Every structure is written in structure tokens, then in C-alpha cells.
*Asks:* 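My questions will all concern the structure given below.
Only a predicted model underlies this, so the values are computations on that prediction, with no experimental measurement involved.
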Amino acid sequence: ANILPEPETVVKPIAGLVTTFGLISPIKQLPIVFEALQFLRQQGLNLRWRIIGPFHPETDSYHSELAERFNVSWVEFT
């Protein structure tokens with residue numbers, strides 16, 4: 001962007017935190033991202049993954065599948 005945010009809205013990076021956001025659907029290929037991050041963690045990188053987006057595993061079967069598949073301490077749905 002060519003417009004810088006106001007100083008009070010600048011978010012400081014957090015080491016090792018990978019964040020993705022948006023609608024959660026099969027088109028995003030989140031399992032591939034999970035596998036890649038898992039591989040990097042096995043190589044010694046202390047990574048965490050925060051997935052930001054509407055997340056309704058109680059009513060959406062794909063969300064439910066992801067919640068079960070990504071049920072590890074280093075993945076967080078918000």
C-alpha cells in the first residue's frame with residue numbers, strides 16, 4: 001500500500017507467528033499450508049499458526065474437518 005497506517009495502528013511482528021485470514025473454504029488449500037508448517041517445525045523452527053476468519057465447526061462440515069485435522073497446540077482458530 002502507498003498509504004502508511006497511523007502510528008497507533010502499527011502492529012509489531014511476533015517471531016514465529018504465521019497468520020492467515022479470510023473465509024475458510026477448500027479453495028484456500030489450508031491442509032497444504034498445515035503440512036508445510038509442520039515440516040518446518042520438524043526442521044526446528046518454532047512456528048505457530050493463527051487462522052483468522054469465520055469459523056463454525058459446529059455447523060460447517062469443512063470447518064469441523066479442519067478442527068479435527070489441525071488439533072495441535074500450535075494452530076489457533078480465531
Side-chain angles (χ1 to χ4, degrees):
N2 60 359
I3 300 173
L4 296 175
E6 295 296 321
E8 62 272 4
T9 63
V10 173
V11 177
K12 293 184 181 190
I14 299 172
L17 179 63
V18 177
T19 304
T20 56
F21 61 92
L23 296 176
I24 298 171
S25 70
I27 199 167
K28 297 252 177 139
Q29 299 295 316
L30 295 179
I32 292 172
V33 177
F34 178 79
E35 290 175 18
L37 292 174
Q38 192 169 40
F39 174 79
L40 291 171
R41 287 178 56 81
Q42 291 169 348
Q43 303 308 307
L45 294 173
N46 186 24
L47 298 175
R48 295 180 301 120
W49 186 18
R50 182 174 294 153
I51 304 168
I52 302 171
F55 184 64
H56 305 288
E58 62 284 345
T59 58
D60 185 303
S61 62
Y62 183 66
H63 292 184
S64 178
E65 176 189 327
L66 291 179
E68 188 173 318
R69 184 171 183 179
F70 298 171
N71 187 16
V72 292
S73 63
W74 56 273
V75 175
E76 172 192 3
F77 287 95
T78 62

*Asks:* I need the minimum non-hydrogen distance between Y62 and P31, along with the two atoms involved.
*Replies:*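 Minimum heavy-atom separation between Y62 and P31: OH-CD, 3.7 Å.
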*Asks:* Between L66 and F77, what is the shortest heavy-atom contact and its length?
*Replies:* CB-CZ, 4.1 Å
*Asks:* Could you grab the distance from atom NZ of K28 to atom OG1 of T20, nearest 0.5 Å is fine?
*Replies:* 7.5 Å
*Asks:* Can you tell me how far CD of E35 sits from CZ of R69, rounded to the nearest 0.5 angstrom?
*Replies:* 5.5 Å
*Asks:* Start with the C-alpha gap between L37 and F70, add the side-chain angles, then the distance that decides, and say whether side-chain contact (heavy atoms from CB on, under 4.5 Å) holds.
*Replies:* CA-CA 11 Å; L37 292 174; F70 298 171; over 6 Å; no
*Asks:* Closest heavy-atom contact between P54 and I24?
*Replies:*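 Answer, listing the atom of P54 first, then I24: O-CD1, 3.6 Å.
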*Asks:* Please give me the minimum heavy-atom distance between P57 and A67, naming the atom from each residue.
*Replies:* CB-CB, 4.2 Å
*Asks:* Using the ring of each side chain (for Trp, its six-membered ring), is H63 parallel, tilted or perpendicular to F55, with breaks at 30° and 60°?
*Replies:* parallel
*Asks:* Got more than 12 heavy atoms from elsewhere within 6.0 Å of CG, L45?
*Replies:*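 Yes, because the 6.0 Å sphere around CG of L45 holds more than 12 heavy atoms from other groups.
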*Asks:* My understanding is that only residues two or more places apart in sequence, or in another chain, count here; which of them pass side-chain contact (heavy atoms from CB on, under 4.5 Å) with R50?
*Replies:* L17, T19, R48, I52, E76, T78
*Asks:* Just checking E58: does its CD atom have more than 12 heavy atoms from other residues, nucleotides or ligands closer to it than 6.0 angstrom?
*Replies:* yes
*Asks:* Write down the atom of W74, the atom of L47, and the distance for their closest heavy-atom approach.
*Replies:* CB-O, 3.8 Å
